[in-house]
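Report on the structure given below.
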Amino acid sequence: MSATAKKRAPMPDDIRAAKGGTPLVSLTAYTTPMAQMMDAHCDIVLVGDSVGMVLHGLPSTLGVTMEMMIMHGRAVSRGLEKAMMVIDMPFGSYEESPQQAFRNAARLMAETGAGAVKLEGGVAMAETIAFLIRRGVPVMAHIGLTPQSINTLGGYKVQGRGAARAALIADAKAVADAGAFAVVLEKVPASLADEITSAVPIPTIGIGASAGCDGQVLVLDDMLGLFTAFKAKFVKRFAELGNEAEAAIAAYAAEVRARSFPAAEHVFGDEVKT
Ligand code: KIV
C-alpha cells in the first residue's frame, strides 16, 4: 500500500486487501506532533496502551485507563489525515463480556474518531470480536506476547514455543474466523509467524516476529531511542533521540549556570529578541 498517494485513511477492507502485498507500515503514536510526522509514512497508526509505560512511567500496561486512552486518542486523531487510526482497549475494559467490550469500544471510537480497536487475546476473545464486528466495531487482534496478561504469562517471554505452537496457530485462526481485519503477532518465533501468515487470510502485523509478516509495528519511542527504561532484543533503534535530548538539556543547564544564556547576541538592552 503506497503511503504518499493515499487520499483517505484506509478502511479495514483496504488493510485486509493488503494481505501478501507491499508490507503494511505501522507505529504507535500518543501525541499530535508525532502523529503528524508519521501520517504520510504509515498505513496504521496505533494508539497503543504502551503509552502507560512510555509516557506515564507505569511499570506495565495494566494501569492504563479508558480516560488515558481517550485523551491520547484525541491528540493523535488531530494529527492524522491519511493513516488509519487504531486504538487499544485497555486492560479490564473488554474481557468481562462482549457487552462490556462493545460499550467501551463504542466510547473509544465515538470520543476519539478511531477507525478500529485493538484487543489482546485469541480463542478466548473470538466471541467478543465477532460480537463487536456485528455491531460496527472493526477489530484488530493481538496474540502471542500479550502484555496485559503479563502476570499469567510470567514475563515478557517469547510465546508459541514447543507445545504452545499449535495453540497460537489456533488463536490466529480463531480471530480471523471471528472477523478481525488484521492480527498483531508479538514476540513469536519467525518460523511460527511465517506459518501463521500462510494459514490466515488476514494480514499479520509482526513485532519481534518475522520479516515475512504482512506488516510490521514498533513502539515509536523504542525505535527513536526515546524510551530507554529497557530495550527488547527485537527493537531496532533508527535514532538515538534520548541521548540527543539529554545532551541538549545538559548543555542548556551548563549555559544557565555559567550565566551565558541567553547568549549576548539575542539581547538588546532590556529586551529579549524572540
Ligand atoms: O500498546 C502497544 O504499543 C502495542 C504494540 C506493541 C503492538 O500493542
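For clarity, every value in this text was computed on a predicted model and none was experimentally measured. Order of appearance sets the numbers: ligands from 1, and atoms from 1 within every ligand.
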**Item:** Residue among I169, D171, V184, V188 satisfying side chain to side chain contact (heavy atoms under 4.5 Å, CB included) with I143
**Value:** D171
**Message:** Does either side chain, that of T204 or that of T197, offer a donor lying less than 3.5 Å from an acceptor on the other one?
**Reply:** yes
Ligand-protein N/O pairs under 3.5 Å (ligand 1):
from	atom 1	to	atom 2	distance (Å)
ligand 1	1 (O)	D49	N	3.1
ligand 1	1 (O)	D49	OD1	2.9
ligand 1	1 (O)	S50	N	3.0
ligand 1	1 (O)	S50	OG	3.3
ligand 1	1 (O)	D88	OD2	3.1
ligand 1	3 (O)	S50	OG	2.5
ligand 1	8 (O)	K118	NZ	2.8

**Message:** I'd like to know if D214 pairs up with K19 as an ion pair, taking the criterion as any Lys NZ or Arg NE/NH1/NH2 lying under 4.0 Å from an Asp or Glu carboxylate oxygen.
**Reply:** yes
**Request:** Could you list all the salt bridge (Lys or Arg N to Asp or Glu O under 4.0 Å) pairs where at least one residue sits in residues 147-167, not counting sequence neighbours?
**Result:** R165-E195
**Fill in**
Those residues at least two apart in sequence (or on a different chain) that pass side chain to side chain donor-acceptor pair (under 3.5 Å) with T61 are none
**Asked** When Ile, Leu, Val, Met, Phe, Trp and Tyr are grouped by side-chain heavy atoms lying under 4.5 Å apart, directly or through other members, which residues fall in the same group as V25?
**Response** none
